[in-house]
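In this chain, numbering begins with 1 at the start of the sequence shown.
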Amino acid sequence: MEGNGIDDVKIPLLQPSTDENVVVRTVTFQISDIKCASCVNSIESALQSLNGVRSIAVSSLDGRAAVKFVPKLITAKRIKESIEESGFKVNEVHDHDQDISVCRVRIKGMACTSCSESIERALQMIDGVKRAIVGLALEEAKVHYDPSLANPEKIIEAVEDAGFGAELISSGNDANKVHLKLEGIDSEEDANVLVSYLELAAGVNRVEMDLLEHIVTVSYDPDFTGPRTLIHCVQEASRGSKVYQATLYSPSGRREKDKVNEIRIYRDQFLFSCLFSVPVFVFAMVLPMLPPYGNWLNYKVHNMLTLGLLLRWILCTPVQFIIGKRFYVGSYHALRRRSANMDVLVALGTNAAYFYSLYIVIKALTSDTFQGQDFFETSSMLISFILLGKYLEIVAKGKTSDALGKLTQLVPDKAYLVEIDTDANIITETEIDTQLIQKNDIIKIVPGAKIPIDGIVIKGQSYANESMITGEAIPIAKSPGDKVISGTINENGCVLVKATHVGSDTALSQIVQLVEAAQLAKAPVQKLADDISRVFVPIVVVVALSTWLGWFIPGKAGFYPKHWIPKGMDAFELALQFAISVLVVACPCALGLATPTAVMVASGIGASQGVLIKGGDALEKAHKVKTIVFDKTGTLTVGKPVVVSAVLFHEFSMEVLCDMAISVEASSEHPIAKAVVAHAKKLRKNFGSCPEEVPDVVDFEVHMGAGVSGKVGDRTVLVGNKRLMHACNVKISSEAEKYISQNEILARTCVLVSIDGKIAGAFSVSDPVKPEAKRVISFLHSMGITSVIVTGDNHATATAIANEVGIDQVFAETDPVGKADKVKELQMKGMTVAMVGDGINDSPALVAADVGMAIGAGTDVAIEAADIVLIKSSLEDVITAIDLSRKTMSRIRLNYIWALGYNILGMPIAAGVLYPFTGIRLPPWLAGACMAASSLSVVSSSLLLQFYKKPLHVESI
């Protein structure tokens, strides 16, 4: 059999049938008014005629209809409409196979909250879009959509139709995706060959080719392949003289380039506008005040048209229509979507000034007696000042994400990939790009180098400085078997690390993703700006028109003195200047930036100091907290309990006690259970040989907040606290009660072991209190925050811990649901409650609390349920989270006071309220400068949060 080699790869060996390629989904409708079989037939007849419907099953008993359909041919919405057209009401729709995808889009051209709201509305109108969030300060949109109805191309098209630039950042699951820049592709056939080769590679899920840019995007399973393997796969596809090469391509760098490019464009446009507007200003405002030097401007070219007026017109026109084009475009798109933004105000103000001045030019050109005042300097200077303000604002906004940028820069660019033999000796060593590291690679980390991946040390010993991730200043010892975190620094020893998490799966990447998501989420306080922005511009236009009428009509009627009107002006021109000043002094941008810029800075600073805040909602709620509920084990205590003593209370031997305890407790994940197992094994060795295999346990059961039980052989074993023994009707002897009381006074927990209904013995467990706990509780009291302990442990131990750290209120012997109920009880008293915990049993309370704080060393379930994650497991960060929230909310309030106060004070001054009393009026060009300054001042105010310092440092404890 002969073939042409590589071309055969493009043809699948087995051509699947068409039906196998068709995606079929099932949707269930809850329909009312189905009374009999006739109704069922009516619905089935209506749906069977629809193209794309595969099968229908309608039940007349419960009113449900299950429909299988092809989403490419018909939508669930269309099926629902057909049922309703048949005369039946659809109450509920349940899509069984609905798959929700997420994409992130970078948006260009947003100026204020009105813009972000317009984009949100445009996105939510797309069929299939479930949710859309637009972040003004982050300049991004996050869209949740049904991939069978919508796609990233439709989303980008909708943004562009709304008048904004859009660029896809990511789509679908980007957790394991690599972008490769290809070389050697000259035709579509070359691209098809490479796509086929990549699609056939092991572990590849999806391949997308951009023929224009020669970039291929590959989604893959990291357990089977990785970037290096995929690059090698591209090279293997070479045939004869046709050689293909691939290199890594990083789209993430485009954001920084776009930001730099945007700053450069605003700077260049400002400088270009100054080239025209400065001479206009000099000709209009400076030289006329210097008679010997400005007399030439009064030279009459034709009739009353002077040389100065002609020059001002010529110089102003490029500024108005070339440089100011962005305001016309922005206004057009804003008005087309029935909204109004800053561009509308600027366009109205500058057009009023320019076209009135153009009217003056025409009158001067056609009349030999006409005299009038032009405002060309108003139009040109206004545009120049606004561009300057936008330039400075964008530079300042870029600094709001500095803290996040520093986190992303922690990963080194290069790493040493090594191959080792069975004794972990290095055979080969190669320097590679960090992005080429794959799962299970062995990486050599030299002293002083940054660790590029999350992994496990397999050889060598050293200390790692993890302060940049956890905030912990003391270097952590690392030896074989210990985990290392990407972005941390290897201090003094050379170690070999096996990669367990690479790329976007590393802890550092997860932190960055979490902070980015938090920056995109809106804080509830942002609603104020959203509400104001909807009516702001129309109100400003009405006020400007009222201002013009309020000065023009009385001026014409002679209601105010003639000397109020400046020389060379009339009442119309004075009124027009006031109206233009009102239009351009009002600033909706400052209001829109007040909240998101502060949230961006705060979430970035929090992450850099070991506090991950999951969104503006959590950040806002944390400042209201008046009560904090603490779990005991692992939260107030170190979380590494140790058994300090073990006793027997019955005829059972220590060996039997240990064996029973080991068998039952081995299946529990609780820290105390692990401590009991470790100590029992140690005792077993002391009393004889420790069997490698423990007896099997059956009917194992966890009694939440009490202990565990099970059957070991023919014996029923209970291991837990007094509550478990009472619940199972196991009598506790006076000797055992005395032992329990003695240990509870010492803040120790007693674990009782019952065998066949008799207390066989007990273990006394001590979990030392965290060294900073007492100082933290005291500091919280000084902040006006009360502290509460809620624990599953016994009351005496919990009280002893509470007395040691200074907590007055204790709820002991509480199960997970009981913890959540205690939180709700406190909330019903009108308190805003925060819950601090670390375990699975804390997750219901973390969800129930107004603010859930998870200790970073805790379980994944607790961290997932929490609103705030304390990375380094230190209680000082509870204070940091609340204090940062308070500082941020204070800053947001200050921003709102400034933004609202500026508009409330600026608009009356611009309207001429002070003019009759002081002779002070705000020229339009100066009003434009004030508007630009207001946005800049709000962003600068938010940037002051970058200087935030923790109120309490663990080093000082």
Side-chain angles (χ1 to χ4, degrees), residues 113 116 133 135-140 393 396-408 468-471 511-529 590-625 783 832 834 850-854 856 866-872 876-899 935 937-953:
T113 312
S116 61
I133 307 168
L136 174 63
L138 202 59
E139 297 179 338
E140 279 186 20
E393 179 188 321
K397 276 167 66 179
K399 295 183 184 297
T400 59
S401 56
D402 275 358
L404 193 59
K406 288 175 183 176
L407 281 176
T408 59
M468 60 288 299
I469 303 295
T470 66
I511 290 170
V512 170
Q513 289 169 30
L514 192 64
V515 175
E516 284 181 338
Q519 291 177 343
L520 195 58
K522 284 185 179 180
V525 71
Q526 175 71 19
K527 190 176 183 299
L528 174 63
L591 277 170
L593 292 169
T595 298
T597 52
V599 170
M600 277 188 74
V601 177
S603 54
I605 288 296
S608 67
Q609 301 202 10
V611 178
L612 292 183
I613 302 169
K614 296 183 180 179
D617 192 15
L619 188 66
E620 181 173 341
K621 282 182 179 177
H623 90 283
K624 301 175 183 176
V625 169
M783 294 171 72
T832 302
D850 296 290
V851 180
M853 298 188 192
D867 301 301
I868 297 173
V869 181
L870 313 178
I871 299 176
K872 66 175 182 176
E876 66 160 324
D877 288 337
V878 173
I879 293 170
T880 302
I882 293 172
D883 186 64
L884 179 59
S885 170
R886 289 183 176 183
K887 294 283 197 305
T888 304
M889 292 309 300
S890 295
R891 185 60 54 181
I892 289 172
R893 289 192 198 99
L894 184 63
N895 288 349
Y896 272 129
I897 289 169
W898 171 252
S935 295
S937 64
V938 166
V939 177
S940 300
S941 171
S942 295
L943 282 173
L944 291 175
L945 283 170
Q946 287 187 328
F947 300 104
Y948 173 80
K949 299 294 181 186
K950 289 184 178 184
L952 183 67
H953 292 271

Which atoms form the tightest heavy-atom contact between [X] and [Y], and what is the distance?
| X | Y | answer |
| --- | --- | --- |
| K621 | T832 | O-CG2, 4.1 Å |
| A881 | V611 | CB-CG1, 3.9 Å |
| I871 | A607 | CD1-O, 4.5 Å |
| I868 | A618 | CG1-CB, 4.4 Å |
| Q609 | Y948 | NE2-O, 3.5 Å |
| T888 | A602 | OG1-CB, 3.2 Å |

Open item on the list: Going by the rule side chain to side chain contact (heavy atoms under 4.5 Å, CB included), which residues pair with L894 if we only count those two or more places apart in sequence or in a different chain?
Closed with: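 Result, side chain to side chain contact (heavy atoms under 4.5 Å, CB included) vs L894: R891, S941.
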At what distance, to the nearest 0.5 angstrom, does [atom1] of [X] lie from [atom2] of [Y]?
| X | Y | atom1 | atom2 | value |
| --- | --- | --- | --- | --- |
| L884 | I613 | CG | CD1 | 4.5 Å |
| I897 | I892 | CD1 | CD1 | 12.0 Å |
| S116 | I133 | OG | CD1 | 12.0 Å |
| K624 | D850 | NZ | CG | 9.0 Å |
| N895 | S942 | CG | OG | 4.0 Å |

Does any non-hydrogen side-chain atom of [Y] lie less than 4.5 Å from one of [X]?
| X | Y | value |
| --- | --- | --- |
| L619 | S603 | no |
| M853 | I882 | yes |
| V878 | L870 | yes |

- [ ] Apply the test salt bridge (charged side-chain N to carboxylate O under 4.0 Å, His left out) to residues K950 and D883: give CA-CA distance (whole Å), side-chain angles for both, the deciding distance (0.1 Å), then the verdict.
- [x] CA-CA 8 Å; K950 289 184 178 184; D883 186 64; over 6 Å; no
Task: Side-chain donor or acceptor of S890 paired with backbone N/O of R886 under 3.5 Å - done: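 Indeed, once roles are kept as given, a pair shorter than 3.5 Å links the two residues.
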